[in-house]
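Notes for the one structure printed next.
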Amino acid sequence: MAYENNNKYAAELYAKQEAEGYFTADPKSTKEHFCMMLPPPNITGSLHVGHAASFMRQDVIARYQRMKGKDVLWLPGTDHAAMPVQMLVEKKLAAEGINFRTLGREGFLKHVWEWIELYGGEIRAQLRRMGFSLDWSREAFTMSPHCNSAVIHAFKKMYEDGLIYRATRMVNWDPAMQTSVSDLEVINSEEAGTFWHIAYPVEDSVEKIVVATTRPETMLGDTAVAVNPDDERYKHLIGKFVILPLVGRRIPIVADAYADMTKGTGAVKITPAHDFNDYEVGKRHNLDEIQVINKLGKICGGFVPALEGLDRFAARAEILKMLTAEGSLVKEAPCTHTVPRAERGNTILEPMITPQWFCDVSKLAAESVAKARSGELKFVPEVWVNTWYSWLENIQPWCISRQIWWGHRVPVYYDAAGKVAYVGDNPPAGLIQDEDSLDTWFSSGLWPLETLGWPDENAVDFKTYFPNQFLGTAHDIIFFWVARMVMMSIYFTGKLPFDTVMLNGMIVDEAGQKMSKTKGNVISPMNLVDEFGIDAVRFAICAACNQNRVNPFGVSNVENARKFLTKLLNGISFWEMKGVASSVGGRYTSCSPACCWILDRMDKMIADADKAMLLSELRFDEYAQNIYHFVWDDFCSTFIEAAKKDMSQTTVEVARFVIGNILKVLQPVAPFIAAELWQKLGFGNDVDLIREGFAEIADLNSIEEEVAEKFALDLEIAAAKAKAEGDKAAAAKELAEIAARIESLNKQLADKLFVSRAKPEVIEARKRSLAEMVERQAALLKV
RNA sequence: GGGUGUUUAGCUCAGCUGGCUAGAGCGCUUCCUUCACACGGAAGAGGUCGGGGGUUCGAGUCCCUCAACACCCACCA
């Protein structure tokens, strides 16, 4: 009998359980409440193996906590994912020959909603296929009318409190998407580039000052050359002026510590409008900020008519040609430098001074740090707390506005004069709304609040389930999401949104490589489910989820899990033949040594399962491996073999008792096969296993424990004897090993320092070990 | 430049507050269609726990140091 793909059965059971409210939380329940939020995946996305692994861990927790007698709310939902969805729909329209801007905001959004209508169902169907025990009756969406009103409420409050403000500052600008992006969305990539040395003639002098740059196109906006005040080479030039080549602008030579004497030529061109550092230098020296690259990434300002309107990179080439022609380009050298690229779309970003909305989170960040320092906010694994501190302690204002259409629109309204006239919901007529939309993470940051009915603080769900007990998510969004939720919760409620955060590692392929489409090593969890069956995939994922930053995973993991399920089915089928389905089942006090032993092992297995599921531990790999080894090694290899030699009705009933507990421990990981067996063996209806109490230990008395220990030792001795009888050479080898071991134990026990300093239990253990060795030696010598 | 993590069998990894002969899965070798299971069973090979130093009766485990790899943050002339 082999484990076969049980997806059809799984789908039916899941549908039944969903329909009958088995996953639905009950605020009225007298049970302890346990709430966690599903990190909302992109509404138009599909389930990748990273989702599967992260959500799988959460499902194991949800199912385990339910069995432990809690009222569990695991709340599902999806995220509107502003930037990716905007890009997708823009692209789709472009393929149809439509420039999305010609549609206008409302027209474009209509297409977005149609797109969501078309593709929004996939991820939800996949979450169901994975068997995740989510409370679908409470499903949320970050762009729902309710979430929109929560966002507006939040914005208004933060605006009125002065945390949100509009300012014209330098931000990272994506010329392709034509929007600002936040610092976190910038990917710094090391790339090969060129250092160009350009000579700027000093006014009224034959001297020239040579500056080095990787971005010559920005020279059109230069308003100074900076040198280090201590730089002997340039000291005499400070306060003088240079004439900017090509442009003819007269710009000062300023002294600023920013100029690094060891870098380039020691003199640096200053373009305050297109470089973050230069922007700061410009502020210090009151320099003009001259914009020479527009929002489309094209040259503007009209300083060199031949370049006007050229793309920034085409302009670079032109400028180099012109500089060469006039002899100003004195040197070029290859170099590697860091290029800021957009996380979405990979466009090279352009620093740009634009008006944007900012959120000042410095105070909230400090409180978030304090909550972690005090231990109120816990991380699993703990190491992440350091990352938490280092980011939050150096936090910068968060640019929350985006110049795209899909997303929550900034709820600020202006009068005809362009002054802010209203902020919030239901604006009076005749005002003009701000064109910007909000960073997706602004609404995601409210997720644990808005999904429970907030801002209505009297909503039943909010009162019952907030704060949540737990959050599990991938570690790469600790800043984007976790930090924002914590800060927003602290701000609006004074409470943490949850007290334990599990940051899981990333699933990589079996060679440890990040999965990517370009590498072609992506594996689809849904394909695996189709091929191997849902329970095998679930078990495999659970067993692969260790606490490392990366979790290698591949088809072989699933094959292995499938073998295990087959082993389990076969082990149970043995007992079915012995009539286990019609037996009573129970924990018998007077049973065979093998029974005592299996109950003892079972107790350890259950205790280990409970330990692995502590919220401070969360060792999913150990949870799965624990079941694996108990079933395979203890229950099948040892217990069944022993029972074959000494079968009785009592043994069958102990077996039934053990099987019942195996199914309970298995339920969180492989719920469908567990439920099917539960019903087949007559324990109850399959739908109900999820509601059973978790496995409980048999709790052997000391006499039973001794019997169990003796059984284990006898097994070992019997195996050694059997081997010795068959193979004299092996017997001799084993005897030699035992003798050596006995000698070393004797030596240690004779060591006065050891005996005086070692802990008594260690000495006891050594003595016991010695006695066992002597017993084994005696047994072998008799052969 | 700052930080974090990793380094244990051919591969992927367990080894918690130091304590019995360092483990698992896969792979490998030999044998076995034994009546639950070949998605199986039995036996076996394979490790100076990254290098060096230290603390200790005792170190894979603690401390120092060096090295390699990975990732994060900052820099971005």
Side-chain angles (χ1 to χ4, degrees), chain A residues 1-3 183 188 190 193 195-197 211-215 218 225-226 258-260 263-271 275-278 335 337-340 351 381 383-384 386-387 389-391 394 475-476 478-479 506 510-512 514 536 543-544 546-554 556-557 559-578 611 617 619 621-622 625 628-629 633 636-637 640-641 644 719 722-723 726-727 730 737-738 740-741 744-745 748 751-759 761-770 772-773:
Chain A
M1 184 193 294
Y3 165 78
D183 301 348
N188 292 310
E190 283 279 313
F195 245 143
W196 286 282
H197 289 64
V211 297
T213 181
T214 55
R215 302 192 58 209
T218 62
V225 168
Y258 165 66
D260 185 337
K263 270 189 184 173
T265 60
V268 56
K269 62 192 269 315
I270 302 295
T271 321
D275 181 283
F276 283 93
N277 287 308
D278 294 6
C335 69
H337 63 133
T338 335
V339 179
V383 292
W384 288 104
N386 296 320
T387 309
Y389 296 146
S390 70
W391 188 66
N394 297 296
H475 68 69
D476 55 343
I478 182 170
F479 307 139
M506 188 192 295
E510 285 158 305
K514 214 167 168 171
N546 62 32
Q547 290 202 338
N548 290 351
R549 295 203 178 175
V550 294
N551 304 157
F553 183 77
S556 66
N557 296 67
E559 286 169 345
N560 209 17
R562 180 176 60 178
K563 284 184 189 178
F564 166 70
L565 293 178
T566 293
K567 186 73 183 180
L568 172 72
L569 288 177
N570 283 304
I572 286 177
S573 121
F574 170 84
W575 290 106
E576 281 184 279
M577 289 175 178
K578 305 294 175 194
K611 180 163 184 269
E617 297 274 331
R619 295 297 306 259
D621 53 340
E622 287 187 355
Q625 279 159 27
Y628 183 101
H629 286 116
D633 302 339
C636 292
S637 298
I640 289 181
E641 292 311 319
K644 279 178 184 170
K723 201 170 74 186
D727 184 346
E737 277 171 16
I738 290 175
R741 180 72 193 139
S744 95
L745 282 168
Q748 195 171 35
D751 183 340
K752 285 198 186 76
L753 267 177
F754 171 73
V755 176
S756 64
R757 303 212 182 162
K759 281 178 287 192
E761 59 265 34
V762 172
I763 295 168
E764 266 316 297
R766 295 290 200 282
K767 283 183 180 162
R768 234 187 354 260
S769 178
L770 181 61
E772 260 182 48
M773 284 297 147

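In what follows, every chain begins at residue 1, and chains take the letters A, B, ... in the order their sequences are listed.
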Measure all distances between protein nitrogen or oxygen atoms and nitrogen or oxygen atoms of nucleotides 9-12 of chain B, and list the pairs falling under 3.5 Å.
none

Polar pairs (N or O, both sides) under 3.5 Å between protein and nucleotides 38-40 of chain B?
| unit_1 | atom_1 | unit_2 | atom_2 | d |
| --- | --- | --- | --- | --- |
| B:rC39 | O2 | A:R562 | O | 3.3 |
| B:rC39 | O2 | A:T566 | OG1 | 2.7 |
| B:rC39 | N3 | A:T566 | OG1 | 3.4 |
| B:rG40 | O3' | A:K567 | NZ | 3.1 |

Set out, line by line, the N/O atom pairs under 3.5 Å between protein and nucleotides 42-48 of chain B.
| unit_1 | atom_1 | unit_2 | atom_2 | d |
| --- | --- | --- | --- | --- |
| B:rG44 | OP1 | A:K723 | NZ | 3.0 |
| B:rA45 | OP1 | A:K733 | NZ | 3.2 |

List, with names and distances, any nitrogen or oxygen atoms from the protein found under 3.5 Å away from nitrogen or oxygen atoms belonging to nucleotides 70-75 of chain B.
| unit_1 | atom_1 | unit_2 | atom_2 | d |
| --- | --- | --- | --- | --- |
| B:rC75 | N3 | A:T338 | OG1 | 3.4 |
| B:rC75 | N4 | A:T338 | OG1 | 3.4 |

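Among the atoms of the strands shown, base atoms are found under 4.0 Å from some heavy atom of A:A259. Residue A:K767 is out of contact with every strand shown, counting any heavy-atom pair closer than 4.0 Å. Using a 4.0 Å heavy-atom cutoff across all strands shown, A:R215 reaches no nucleic acid atom at all. Among the atoms of the strands shown, none is found under 4.0 Å from any heavy atom of A:G264. When heavy atoms are screened at a 4.0 angstrom cut-off, A:S556 is found touching no nucleic acid atom at all.
Spacing between B:rU17 and B:rU7 at atom P, rounded to whole Å, works out to 14 Å. Taking atom C1' on both B:rG2 and B:rU61, the two are 28 Å apart, rounded to the nearest angstrom. Only the P atoms considered, B:rC64 is 12 Å distant from B:rU4, to the nearest whole Å. Atom name C1', nucleotides B:rA22 and B:rU8: the rounded distance is 8 Å, in whole Å. Comparing the same atom, C1', in B:rG47 and in B:rA24 gives a spacing of 14 Å after rounding to whole Å. Using C1' as the reference atom, B:rG51 and B:rU6 are 16 Å apart when rounded to the nearest Å. Straight-line distance between the C1' atoms of B:rC31 and B:rA38: roughly 14 Å, to the nearest whole Å.
Going from atom NZ of A:K578 over to atom P of B:rC35 covers 13 Å, rounded to whole Å. The distance from atom CD of A:E622 to atom P of B:rG23 is 17 Å, rounded to the nearest whole Å. Between A:K752 atom NZ and B:rG58 atom P the separation is 17 Å, expressed in whole Å. As rounded to whole Å, 11 Å separates atom P of B:rU6 from atom CH2 of A:W384. Between A:E761 atom CD and B:rG58 atom C1' there is a gap of 14 Å when expressed in whole angstrom units. Rounded to a whole Å, the CG atom of A:D751 is 14 Å from the C1' atom of B:rG19. Between A:D621 atom CG and B:rA14 atom P there is a gap of 7 Å when expressed in whole angstrom units. Rounded to whole Å, atom C1' of B:rC13 lies 13 Å from atom CD of A:Q547.
Nearest approach of A:D751 to A:L753, heavy atoms of both residues: OD1-N, 2.9 Å. The two residues A:Q748 and A:V755 make their nearest non-hydrogen contact at O-CG2, 4.4 Å. In this structure, A:T214 and A:C335 approach most closely via the heavy-atom pair CG2-SG, 4.0 Å. Taking each heavy atom of A:G571 and A:C636 in turn, the nearest pair found is CA-SG, 3.9 Å. Closest approach of A:E190 and A:T338 over heavy atoms only: OE2-OG1, 3.6 Å. The minimum heavy-atom distance between A:T265 and A:H197, with the atom names listed, is CG2-CD2, 3.2 Å.
The main-chain N or O of A:E617 is found under 3.5 Å from a side-chain atom of A:Q547 such that the two form a donor-acceptor pair. The backbone N or O of A:M1 sits less than 3.5 Å from a side-chain atom of A:N570, completing a donor-acceptor pair. Side-chain atoms of A:T213 do not come within 3.5 Å of backbone N or O of A:W196 as any donor-acceptor pair.
When the nucleotides B:rA36, B:rG19, B:rG25 are ranked by their closest atom to the side chain of A:A758, B:rG19 comes out on top. Among the nucleotides B:rA36, B:rA14, B:rC20, the one closest to any side-chain atom of A:E641 is B:rA36. Counting only heavy atoms from C-beta on, A:S769 has its side chain closest to B:rC20 among B:rC20, B:rG19, B:rC16.
Contact check for A:H337 versus A:F195: no side-chain heavy atoms found under the 4.5 Å cut-off. The closest side-chain heavy-atom distance from A:T218 to A:K269 is below 4.5 Å.
Between A:S744 and A:Q625, the residue anchored closer to the 5' end of RNA chain B is A:Q625, taking for each the nucleotide with the nearest heavy atom. Of the two residues contacting RNA chain B, namely A:N386 and A:M1, the nearest-nucleotide position lying further toward the 5' end is that of A:N386.
Note that CZ of A:R549 and NE2 of A:H475 are 6.5 Å apart. Values are rounded to the nearest 0.5 Å. Between A:E622 atom CD and A:N546 atom CG the span is 10.0 Å, to the nearest 0.5 Å. With values rounded to the nearest 0.5 angstrom, A:F564 atom CZ is found 9.5 Å from A:L569 atom CG. Taking CG of A:D275 as the reference point, atom CZ of A:R215 lies at 7.5 Å (rounded to 0.5 Å). Expressed to the nearest 0.5 Å, how far CZ of A:R562 lies from OG of A:S556 amounts to 11.5 Å. The OH atom of A:Y628 sits 10.5 Å away from atom CG of A:L565, with the distance rounded to the nearest 0.5 Å.
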Seminar exercise, completed: Under the rule of Watson-Crick or G-U wobble with both distances under 3.5 Å, where | means paired to another strand and [ ] a crossing pair, RNA chain B maps to (((((((..((((.....[...)))).(((((.......))))).....(((((..]....))))))))))))....
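In terms of the salt bridge (Lys or Arg N to Asp or Glu O under 4.0 Å) criterion, A:E764 has no residue partners (sequence neighbours excluded).
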